[in-house]
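Some notes on the structure that comes next.
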Amino acid sequence: MNTLVDIRRLKKHFPILGGVLRRPVGAVRAVDGVSLAIKRGQWLGLVGESGCGKTTLAKTVIRLWRPTSGHIYFDVPDEPKALIEELESDAKNSNKLTYLLKENDLATFSGSRLRSLRLRAQLVHQDPFTSLDPRMKIKNTVAEPLKIHRVLSGRAVETAVEELLGRVGLSAGQLERYPHQFSGGQRQRIAIARALATKPEFIAFDEPTSALDVSVQAQILNLLKDLKKEFGLTYLYITHELLIAESVCDYIAVMYLGKVVEMGRPEEIFHAPCHPYAQSLIAATPVPDPKRRVGRIVLHGEVPSPANPPPGCSFHPRCSRASKECHEVGPDLNLISSDHYVACFHPL
Amino acid sequence: MKDLIRIRDLTVRFYTYEGVVYAIDDLDLDIRQGETLGIVGETGSGKSMTALAILRLIPYPGKIESGSIVFCDRDSGGELDLLKLREDRMRAIRGNKISMVFQEPGAALNPVYTIGDQISEVLLLHRRHELAYRAKQRVDNLLSDGSGFASAAKRPFRQWQSRLYHKIGEEPHALEPRILNRMPLFRRLLWRLKDEAASLTVDMLKGVEISDAARVAIHYPHELSGGMKQRAVIAMALACSPELLIADEPTTSLDVTIQAQMLELFRRIKVDRGASVLFITHNLGVASEVCDRVAVMYAGRLCEVGSVEEMFLHPSHPYTRALLDAVPMPGKELQTIPGALADALNPPPGCRFHPRCPSATPICQQERPKLKTVAKDHMVACYLF
């Protein structure tokens, strides 16, 4: 399996403007140095509480936002990446480095290059009630990406739209309807059909089922599973529900305050979590089984503001194992077993 | 255990332009004293409407058509049919004997008043005599302690204050305080009531585990995080020590770790105060965490009700089973429920679940199944039993 999306030390800071001149007086560090590799055909789950930067990460990877720093490589072979790393460590701004970045790094793309990338990478938004244009018929909504990217034209667009909507479980009779005539689950299906329209390789899902009921959620998850198999897709799946991540994803990254604190396969993360935050997150997840009620760890306090993160490890104010070291230095992600990374000085 | 609320044959309909929506259809449900009853169901199953019907707050164009909701007052021992009460009597019950926590804490709080003001309001409305009693004690202490010229000069005024607060406490319809309360500037003479309410408010906030309660009380809602706001709303609902606390999806908009803190809080409320909690949720995990008994609703009707252990370990109704199978669990194939939620405008005849039910029989299409007891503390409305 080769790597499809490679995110290296990605940062996205939003400036806080203040004073009469509206100068930046600080920054909200939404994503603060994230390195992730998504392999081709993988279903990567990104888990974390609200405000930890999951959505920002997805939107930056799809390049709806320009990252503050860091690299995003989309389907780039290893040699240019290694060359860029090497040239960067020399700390000289050579022309060669600039050229390489311009050719390979998605973070620097703009204009038509960016547009051609968006053919291959798509995003499904969280709330199907606001992500569809209420004044567009759904056949136009789904056809829009095809027209913008000039993939198809004329009658071919219509047949393609019918096919797509049929694939996600909507009938041809519903083509002429408007979004308000559909239920939440159906709207999310339309949003998925729209994302599939350009035949992408990579789709980022931003909590696609958080606004839906359990039974509808199961339908959508099963649909995503089938689509992934059928089209050979790669998913970045953002969720705050750990049960979903555990049951459907191949690989899981846990985020806290703009950083990835633990990465690993679901069985490792859920049965032997190493980061204290991952552990309390799992313990706090309610499971529909009255026998498993006992022995939960309730985490005290709340997530600090990303505008003013605590020094050192950002989790130390809420951590029971924090030592002096944690107050001063932020830990890096370390490999502890195969494919299992933890950013903690005192892993469990 | 004795019942606190007995709902019988409750029917709520909404008269919309498209037609009549049967939001709740002949619902029978008991809430016992000191228990947490969970109502579980999907969107549109009528779980929130059940809660609103208990408080008689069904919004227009909805109407409570028939049925009775009997409230058995624990203090006085009397039984009241909430649906037959006069509106002013009902107002004395809302927020006092029965209070409610809403789903979205941001929307439940008034953005232009501080948290402290909003909690005080409940106390000033329902606990006026208690506040007056405390205020009188404080004035009496000042009268007996005071020495020197300043306190001698204030003496006549304080004596008058003491009489006034005594009147408020003892005779709720006394003329003098009522006139004072209506006159904009003179109303300020009753400032000690507000003071007492404010100090009680800080205690309330401490009771829901807010550490710097005095600081939070003077904050406006937008200055607090979601979890903090929900705590403040819970404090407000608990201000008058209600006998029934209705919580309508109180943790849906919160994060898992904050949700765990809230569930812990709800568990403690039940143990410490002995209050009953009606906990409405669509999250089966949350229901199994906090509830003693769980009721499952589908399309305005009750499918199954029973103790948590019975419901989650031996689910009987096909809908309950399907709902539990739809929860993503590791190492389990996700099961979906075929079809879509029943149309509220023209619901299917007979059992509302029969078009989606894998074990439907001809009788399911014709006649509505009645609730039957299948095990101790476990009732199911299905022809399979």
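Within every chain, numbering begins at 1; the chains are lettered A, B, ... in the order of the sequence lines, protein sequences first and strands thereafter.
- Checked options Val327(B), Ile337(B), Thr336(B); the residue passing with Val214(A) is Val327(B) (criterion: side chain to side chain contact (heavy atoms under 4.5 Å, CB included)).
- The shortest heavy-atom contact between Val256(B) and Pro286(A) is CG1-CD, 4.3 Å.
- Here the side chains of Glu302(A) and Ile258(B) are in contact, with some heavy-atom distance below 4.5 Å.
- The most heavy-atom pairs under 4.5 Å with chain A, out of Asp325(B), Leu323(B), Val286(B), come from Val286(B).
- The distance from atom CG of Leu223(A) to atom CG of Leu334(B), rounded to the nearest 0.5 Å, is 12.0 Å.
- Pro328(B) is not listed as a side-chain neighbour of Glu246(A), based on a closest heavy-atom distance of 4.5 Å or more.
- In this structure, CG in Asp255(B) is found 7.0 Å from NE2 in His240(A), a value given to the nearest 0.5 Å.
- Interface remark: Leu313(B) contributes side-chain atoms only to the contact with chain A (heavy atom separation under 4.5 Å).
- Gln261(B) contributes a side-chain N or O that, together with a main-chain N or O of Leu299(A), makes up a donor-acceptor pair within less than 3.5 Å.
- The closest side-chain heavy-atom distance from Met329(B) to Val287(A) is below 4.5 Å.
- Residue contact with chain B, scored on non-hydrogen atoms closer than 4.5 Å, involves the side chain of Gln217(A) exclusively.
- Annotation for Met228(B): atom CE counts as buried by contact number, over 12 foreign heavy atoms lying within 6.0 Å.
- Annotation: side chain of Pro288(A) is in contact with side chain of Leu324(B) (closest heavy-atom distance under 4.5 Å).
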Show me the side-chain donor-acceptor pairs of residues 37-46 of chain B shorter than 3.5 Å, one per line, residues at least two apart or across chains.
from, atom 1, to, atom 2, distance (Å)
Glu42(B), OE1, Tyr319(B), OH, 2.7
Glu42(B), OE2, Ser215(A), OG, 2.4
Thr43(B), OG1, Asp213(A), OD1, 3.1
Thr43(B), OG1, Asp213(A), OD2, 2.5
Ser45(B), OG, Glu42(B), O, 2.8

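- The distance from the CG atom of Asn222(A) to the CD atom of Gln335(B) is 8.0 Å, given to the nearest 0.5 Å.
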